Amino acid sequence: MLDKLINFPKRPNLLSPATMAYIGDSVFELFIRNLLLERKIVKPNDLHKEAIKYVNATSQSNLLKHLKGDLSDEELSIVRRGRNIKTGVPQNADPVDYQYSTAFEALIGYLYLAGKEDRLIELFTKIKEMI
């Protein structure tokens with residue numbers, strides 16, 4: 001569906017993991033915002049307060065740890081690449097959580113850019129059950 005509107009890269013696995021994580025961050029935040037609307041949270045301030053409970057390094061790191069057993073070898077490879085990015089860690093974040101949250105975002109970004117909507121929906125369904 002989105003491929004009619006967006007020109008996805010032909011070989012997203014060749015993108016840098018930082019680029020995948022950049023896109024994955026946006027895709028995951030949009031998923032969370034929609035989930036909160038689904039749960040009848042509609043005031044912008046309340047939406048923001050709830051969203052930051054899930055869109056942060058610790059939460060995303062924990063989600064990845066729970067999903068790891070369900071990932072394919074290809075997905076685990078993307079996770080490893082994302083985890084190994086050398087970035088500055090915000091002062092309020094644990095460095096290990098930050099690495100894993102970046103890996104989580106890289107995975108989400110890769111699935112989105114590769115047009116693997118069914119797999120993304122499958123993982124988002126599992127995440128919905130977790131949170």
Side-chain angles (χ1 to χ4, degrees):
M1 178 173 109
L2 286 174
D3 57 344
K4 290 177 178 50
L5 178 64
I6 300 169
N7 189 14
F8 290 106
K10 299 223 182 302
R11 298 177 70 190
N13 57 317
L14 298 181
L15 293 171
S16 78
T19 300
M20 289 187 262
Y22 174 77
I23 295 297
D25 176 58
S26 298
V27 172
F28 184 66
E29 183 152 357
L30 184 59
F31 162 73
I32 290 296
R33 288 179 180 204
N34 278 293
L35 178 62
L36 296 175
L37 288 175
E38 203 177 283
R39 294 181 175 174
K40 309 291 187 228
I41 300 170
V42 294
K43 292 182 181 176
N45 192 41
D46 294 341
L47 283 167
H48 177 70
K49 285 179 185 176
E50 285 298 307
I52 59 175
K53 290 179 184 177
Y54 306 108
V55 183
N56 66 65
T58 303
S59 178
Q60 291 175 330
S61 174
N62 289 334
L63 288 171
L64 179 59
K65 288 173 187 169
H66 283 91
L67 293 171
K68 249 184 160 177
D70 296 324
L71 301 180
S72 69
D73 289 342
E74 176 186 34
E75 293 165 344
L76 287 170
S77 174
I78 298 295
V79 165
R80 275 190 298 280
R81 288 178 57 206
R83 185 191 64 218
N84 292 330
I85 296 173
K86 302 294 181 221
T87 62
V89 178
Q91 285 184 331
N92 63 338
D94 174 86
V96 174
D97 282 346
Y98 195 75
Q99 282 180 300
Y100 278 93
S101 72
T102 303
F104 173 80
E105 291 171 347
L107 172 64
I108 299 301
Y110 167 73
L111 293 172
Y112 173 78
L113 292 168
K116 297 185 177 200
E117 285 184 39
D118 291 341
R119 182 60 172 152
L120 201 50
I121 290 167
E122 187 179 328
L123 292 181
F124 281 165
T125 300
K126 290 178 185 199
I127 290 169
K128 273 174 97 169
E129 293 168 3
M130 286 187 249
I131 60 175

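As the structure is a computational prediction, the values presented were derived from the model and not from experiment.
Taking 4.0 Å as the cut-off between side-chain N and carboxylate O, Lys128 and Glu38 count as a salt-bridged pair. Ion pair Lys116/Glu74 flagged as a salt bridge, since at least one NZ, NE, NH1 or NH2 atom sits closer than 4.0 Å to an Asp/Glu carboxylate oxygen. By the 4.0 Å N-to-carboxylate-O rule, Arg119 lies close enough to Glu122 to be salt-bridged with it.
When all heavy atoms of Lys49 and Ile52 are compared, the closest pair comes out as O-CG1, 3.3 Å. The minimum heavy-atom distance linking Ala106 with Pro17 is given by the pair CB-O, 3.9 Å. Shortest non-hydrogen contact noted between Leu64 and Leu71 is CD1-CD1, 4.1 Å.
The backbone N or O of Asp73 lies less than 3.5 Å from no partner atom in the side chain of Ser77, so there is not a single donor-acceptor pair. Looking only at distances, a side-chain donor or acceptor of Asn62 sits under 3.5 Å from a matching main-chain atom of Thr58. Proximity of a side-chain donor or acceptor of Asp25 to a complementary backbone N or O of Tyr22 within less than 3.5 Å is not detected. The backbone N or O of Tyr98 sits less than 3.5 Å from a side-chain atom of Thr102, completing a donor-acceptor pair.
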What do the steps show when you test Leu67 against Phe104 for side-chain contact (heavy atoms from CB on, under 4.5 Å), and what is the final call?
CA-CA 10 Å; Leu67 293 171; Phe104 173 80; 4.1 Å; yes
Candidate pair Val42 and Asp46, rule side-chain contact (heavy atoms from CB on, under 4.5 Å), full reasoning
CA-CA 7 Å; Val42 294; Asp46 294 341; over 6 Å; no
Step-by-step side-chain contact (heavy atoms from CB on, under 4.5 Å) determination, Tyr100 to Gln60:
CA-CA 7 Å; Tyr100 278 93; Gln60 291 175 330; over 6 Å; no
So Leu76 and Lys68, side-chain contact (heavy atoms from CB on, under 4.5 Å) or not? Walk me through it.
CA-CA 8 Å; Leu76 287 170; Lys68 249 184 160 177; 4.2 Å; yes
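Contact check for Glu75 versus Asp70: no side-chain heavy atoms found under the 4.5 Å cut-off. Contact check for Leu35 versus Ile131: side-chain heavy atoms found under the 4.5 Å cut-off. Using a 4.5 Å cut-off on side-chain heavy atoms (C-beta onward), Leu63 and Phe28 make contact. Residues Phe31 and Ile127 have side chains in contact (heavy-atom distance under 4.5 Å, counting atoms from C-beta outward).
Cluster membership check: Met20 does not share its hydrophobic cluster with Ile85, using side-chain heavy-atom separations under 4.5 Å among Ile, Leu, Val, Met, Phe, Trp and Tyr. Transitive grouping of hydrophobic side chains (ILVMFWY, heavy atoms separated by less than 4.5 Å) brings Val27 and Leu37 into a common cluster. Hydrophobic cluster membership differs between Leu113 and Leu30, with clusters built from Ile, Leu, Val, Met, Phe, Trp and Tyr side chains linked at under 4.5 angstrom.
Considering OG1 of Thr125 and CG of Leu120, their distance stands at 9.5 Å, rounded to 0.5 Å. Interatomic distance, NZ of Lys43 versus CD of Glu50, reported as 13.0 Å (0.5 Å rounding). Atom CD1 of Ile78 and atom CD1 of Ile108 lie 12.0 Å apart (nearest 0.5 Å). Once rounded to the nearest 0.5 Å, the distance linking CG of Asp97 with CG of Asn56 reads 8.5 Å. From Leu123, atom CG reaches atom CG of Leu107 across 6.0 Å, with rounding to the nearest 0.5 Å. Between the OG atom in Ser16 and the CZ atom in Arg81 there is a gap of 8.0 Å [rounded to 0.5 Å].
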